[in-house]
Amino acid sequence: MKFQAPRGTYDILPKEMNKWYYIEKIIKKYVKLFNYREIRLPIFEYKDLFQRSVGDDSDIVEKEMYVFEDKNERLFALRPEGTASVARSYIENSMISSKRDPKKIFYYGPMFRYSRPQKGRYRQFYQFGIEYIGDESAYADAEIITMGWKILQEAQVPDVSLEINSVGCKKCRKDYHKKLQEFLFARENKFCPNCQRRMKTNPLRVFDCKNYVCQEQLENAPQMLDNLCEDCEKHFDEVQENLKKLNVDYEINPRIVRGLDYYTRTAFEYKINYLGAQDALGGGGRYDGLIEYLGGKNTPAVGLSMGMERIILALEEAGVEFPQINTLDVFIIPMDKKYDDKAIEIMNKLHDSEISAQIADANTSMGSNFKFCDRNNVKFAIVIGENEIKSEEYAVKNISKHKQESVHLDKLTDYINSKIE
RNA sequence: GUGGGUGUAGUUCAGUGGUAGAGCACCGGAUUGUGGUUCCGGGCGUCGUGGGUUCAAAUCCCAUCACCCACCCCA
């Protein structure tokens with residue numbers, strides 16, 4: 001029996017980590033700049049939590065959850081997303097918030113969805129997410145949208161388009177639903193079977209159809225944006241004003257809907273067009289009703305989540321070069337077993353000065369050891385041979401510059417420290 | 001969940017019924033104290049896995065697993 005990673009999962013190998021560090025560093029920078037604090041949440045929760053928050057007839061709950069029972073017959077699910085857990089924790093830990101003191105939280109970690117894997121789509125995948133809880137003002141929406149935007153910009157993901165929309169509040173969405181369904185049913189037989197099915201279950205989704213004929217039918221369909229109540233319309237205008245102040249480029253796409261039930265008012269997505277079917281790097285929106293719905297006080301909130309794999313794939317696709325991480329400062333090369341003691345002594349000294357160092361195998365040829373340095377981005381090599389032992393002057397070679405100097409044993413650490421940034 | 005494609009050395013792939021191959025990578029040597037070039041040498045790998053057809057299967061058939069693409073949906 002040969003073991004392999006379960007379907008839809010994969011290993012992030014040491015040689016790939018630089019890509020992750022690259023993005024994680026940018027994320028850290030922005031959560032700090034905007035004053036978000038990290039929360040670490042369980043990887044599984046009661047199944048009901050997701051069922052209630054994400055929505056009973058969402059695809060996630062219907063067919064994508066990893067559900068299991070524990071020995072006490074309690075039903076759990078591996079988390080398919082992060083917001084539900086944040087909301088649960090917010091309530092459970094009585095994180096009272098107000099406009100003056102909003103709770104600004106971020107999370108990072110694996111999520112699980114049982115869907116058919118393909119490129120940019122896994123059963124275990126990593127999401128980064130931020131939540132701005134306690135402020136109903138449009139500025140909060142704009143801040144969240146801006147952070148995602150800036151992170152993608154700084155990571156240099158090319159050609160990202162930010163699309164925003166408003167899905168209205170409970171009240172105006174209900175009215176609009178009715179209006180849209182009336183419109184759709186009046187032309188039911190002109191739509192594809194898929195759309196005919198959707199107009200009953202989730203009429204908004206009809207807008208997502210890529211069928212040309214359906215799109216034609218939709219040209220005169222009522223738009224949510226034209227049917228917002230006064231408050232929602234004002235809110236949407238203010239979000240846009242704030243985005244302009246923050247220098248964020250966006251476009252309005254009345255078709256951004258989002259798959260989760262809890263969204264109200266603002267919904268948005270960051271999209272690219274060169275990853276095949278996986279065009280969404282991340283998205284989010286406002287979820288004013290969720291916390292109350294889960295048993296907390298009526299609390300406004302807005303958040304976003306981004307897919308790490310998608311961002312990395314986009315960067316790879318675009319040919320962006322990830323910075324290499326230098327893992328080793330000094331490779332100590334003893335030319336014979338009998339110099340191993342000296343090698344250990346030098347390594348210890350270097351470690352004491354926080355210089356990373358590793359000892360080469362004395363039986364391996366010098367050529368091979370230098371090849372190792374090339375391949376592993378080693379900065380310096382120190383050779384230990386008969387001459388060095390006698391004179392206490394060591395050959396220190398700068399690998400990338402192909403140059404070496406003689407340095408006295410006592411000055412090795414100072415010398416290397418002065419050459420390393 | 002639906003439809004299609006692929007699965008041979010570390011990797012990219014060739015090989016379509018008759019003794020398993022190539023490029024790159026890797027290791028060693030030429031160069032026994034110095035690396036990105038060159039030259040020489042080095043591969044038995046359950047041909048994804050299990051079963052079947054056949055004198056004979058990497059090759060044909062079935063099943064299964066995984067990956068890829070599209071749909072669905074999203075990250």
Side-chain angles (χ1 to χ4, degrees), chain A residues 1-10 13 15 54-55 57-64 79-83 108-129 148 152 192-195 197-198 201-202 205 208-211 256-260 269-272 275-284 304-314 331 333-336 339 360 362-378 380-389 394-404 406:
Chain A
M1 166 92 191
K2 202 173 169 185
F3 288 109
Q4 49 182 283
R7 181 164 203 203
T9 70
Y10 65 103
L13 300 171
K15 63 177 181 184
V54 176
D57 36 49
S58 67
D59 271 34
I60 290 179
V61 167
E62 249 177 21
K63 51 186 195 187
E64 293 183 356
R79 60 183 187 187
E81 56 107 40
T83 301
Y108 176 63
M111 303 295 165
F112 306 84
R113 289 184 202 171
Y114 190 90
S115 64
R116 194 125 157 194
Q118 48 181 284
K119 196 176 193 120
R121 184 146 147 210
Y122 307 94
R123 289 182 170 178
Q124 172 174 342
F125 59 100
Y126 288 79
Q127 271 192 345
F128 152 74
L152 294 172
C192 70
N194 210 347
C195 284
R197 177 179 56 82
R198 281 168 161 179
T201 55
N202 195 343
R205 285 237 174 272
D208 285 339
C209 186
K210 282 153 194 152
N211 191 319
I256 298 288
V257 175
R258 311 286 305 157
L260 307 139
E269 273 176 22
Y270 307 95
K271 286 185 175 175
I272 51 172
L275 259 195
Q278 273 58 251
D279 63 349
L281 297 179
L304 76 72
S305 68
M306 301 213 283
M308 295 292 289
E309 288 86 352
R310 297 263 171 98
I311 295 174
I312 289 172
L313 275 169
F331 200 44
I333 306 175
M335 294 188 58
D336 190 282
Y339 305 130
N363 293 324
T364 303
S365 72
M366 277 251 224
S368 299
N369 280 327
F370 278 101
K371 264 187 197 166
F372 174 92
C373 293
D374 282 332
R375 270 185 267 114
N376 295 282
N377 292 314
V378 178
F380 294 95
I382 296 178
V383 177
I384 306 177
E386 204 185 334
N387 300 339
E388 282 79 3
I389 296 290
Y394 285 79
V396 179
K397 184 156 190 173
N398 184 318
I399 298 298
S400 59
K401 289 184 180 160
H402 296 248
K403 277 183 184 170
Q404 77 180 38
S406 257

Please tell me which of A/Lys401 and A/Ser305 maps to the more 5' nucleotide of RNA chain B, matching each residue to the nucleotide holding its nearest heavy atom.
->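 Looking at RNA chain B, the more 5' nearest nucleotide goes with A/Lys401.
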Residue closer to the 5' end of RNA chain B, A/Ser115 versus A/Phe370 (nearest nucleotide) |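 By nearest-heavy-atom nucleotide position, the 5'-most residue is A/Phe370.
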Identify the heavy atoms of [X] and [Y] that sit nearest to each other, and give their distance.
X	Y	value
A/Gln404	A/Ala395	NE2-CB, 3.6 Å
A/Tyr394	A/Val383	CD2-O, 3.6 Å
A/Phe372	A/Val378	CE2-CG2, 4.2 Å
A/Ala280	A/Glu269	CB-OE1, 4.4 Å

Can you identify which nucleotide, out of [options], has its nearest atom closest to the [X] side chain?
X	options	result
A/Val383	B/G36, B/A75, B/U34	B/U34
A/His402	B/G36, B/U34, B/C74	B/G36
A/Lys119	B/U34, B/C69, B/G33	B/C69

When we call it a touch if two heavy atoms are under 4.0 Å apart, what does [X] touch: a base, just sugar-phosphate, or nothing?
X	answer
A/Tyr126	nothing
A/Gly8	sugar-phosphate
A/Arg113	base
A/Thr9	nothing
A/Ala381	nothing
A/Glu269	nothing
A/Gly120	base
A/Glu386	base
A/Gln118	base
A/Asp279	base
A/Gly282	sugar-phosphate
A/Ile333	nothing

Separation of the [atom1] atoms in [N] and [M], to the nearest angstrom:
N	M	atom1	value
B/U16	B/C74	C1'	41 Å
B/A30	B/G7	P	42 Å
B/U64	B/A20	P	30 Å
B/A14	B/G48	P	13 Å
B/A63	B/U11	C1'	30 Å
B/U8	B/G3	C1'	27 Å
B/C67	B/U32	P	49 Å
B/C44	B/C40	C1'	24 Å

Is the phosphate of [N], meaning OP1 or OP2, less than 4.0 Å from a side-chain N or O of [X]?
X	N	answer
A/Ser368	B/G28	yes
A/Arg7	B/C67	yes
A/Gln404	B/U34	no
A/Arg116	B/G4	no

Distance in angstrom units between [X] [atom1] and [N] [atom2], rounded:
X	N	atom1	atom2	result
A/Ile272	B/A75	CD1	P	14 Å
A/Asn363	B/G29	CG	P	11 Å
A/Met335	B/U32	CE	C1'	9 Å
A/Asn398	B/U34	CG	P	19 Å
A/Arg375	B/C26	CZ	C1'	8 Å
A/Arg123	B/G1	CZ	C1'	11 Å
A/Asn369	B/G28	CG	C1'	14 Å
A/Asn376	B/C26	CG	C1'	14 Å

Considering every strand shown, what is the Watson-Crick or G-U wobble mate of [N] when both distances are under 3.5 Å?
N	result
B/G41	B/C27
B/U2	B/A70
B/G33	none
B/C13	B/G21
B/A58	none

Give a yes or no on this: more than 12 heavy atoms of other residues, nucleotides or ligands lie within 6.0 Å of atom OH of A/Tyr114.
->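 Result for OH/A/Tyr114: open.
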Quick one: pull up CD1 in A/Ile312 and CG in A/Leu281 and give me the separation to the nearest 0.5 Å.
->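 Answer rounded to 0.5 Å: 11.5 Å.
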Could you state the interatomic distance from CZ (A/Arg310) to CD (A/Gln127), rounded to the nearest 0.5 Å?
->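 Rounded to the nearest 0.5 Å, the CZ-CD separation comes out at 9.5 Å.
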Should the side chain of [X] and the base of [N] be counted as holding a donor-acceptor pair, with the cut-off at 3.5 Å?
X	N	answer
A/Glu64	B/G1	no
A/Arg121	B/C72	yes
A/Arg310	B/C74	yes

Hey, does A/Lys397 have a side-chain heavy atom less than 4.5 Å from the side chain of A/Phe370?
->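 When only atoms from C-beta onward are counted, A/Lys397 and A/Phe370 do touch, with a gap below 4.5 Å.
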Atom pairs and distances, side-chain donor-acceptor, residues 118-125 of chain A, under 3.5 Å, sequence neighbours left out:
| from | atom 1 | to | atom 2 | distance (Å) |
| --- | --- | --- | --- | --- |
| A/Gln118 | OE1 | A/Gln278 | NE2 | 3.4 |
| A/Arg123 | NE | A/Ser115 | O | 3.0 |
| A/Gln124 | NE2 | A/Tyr126 | OH | 3.4 |

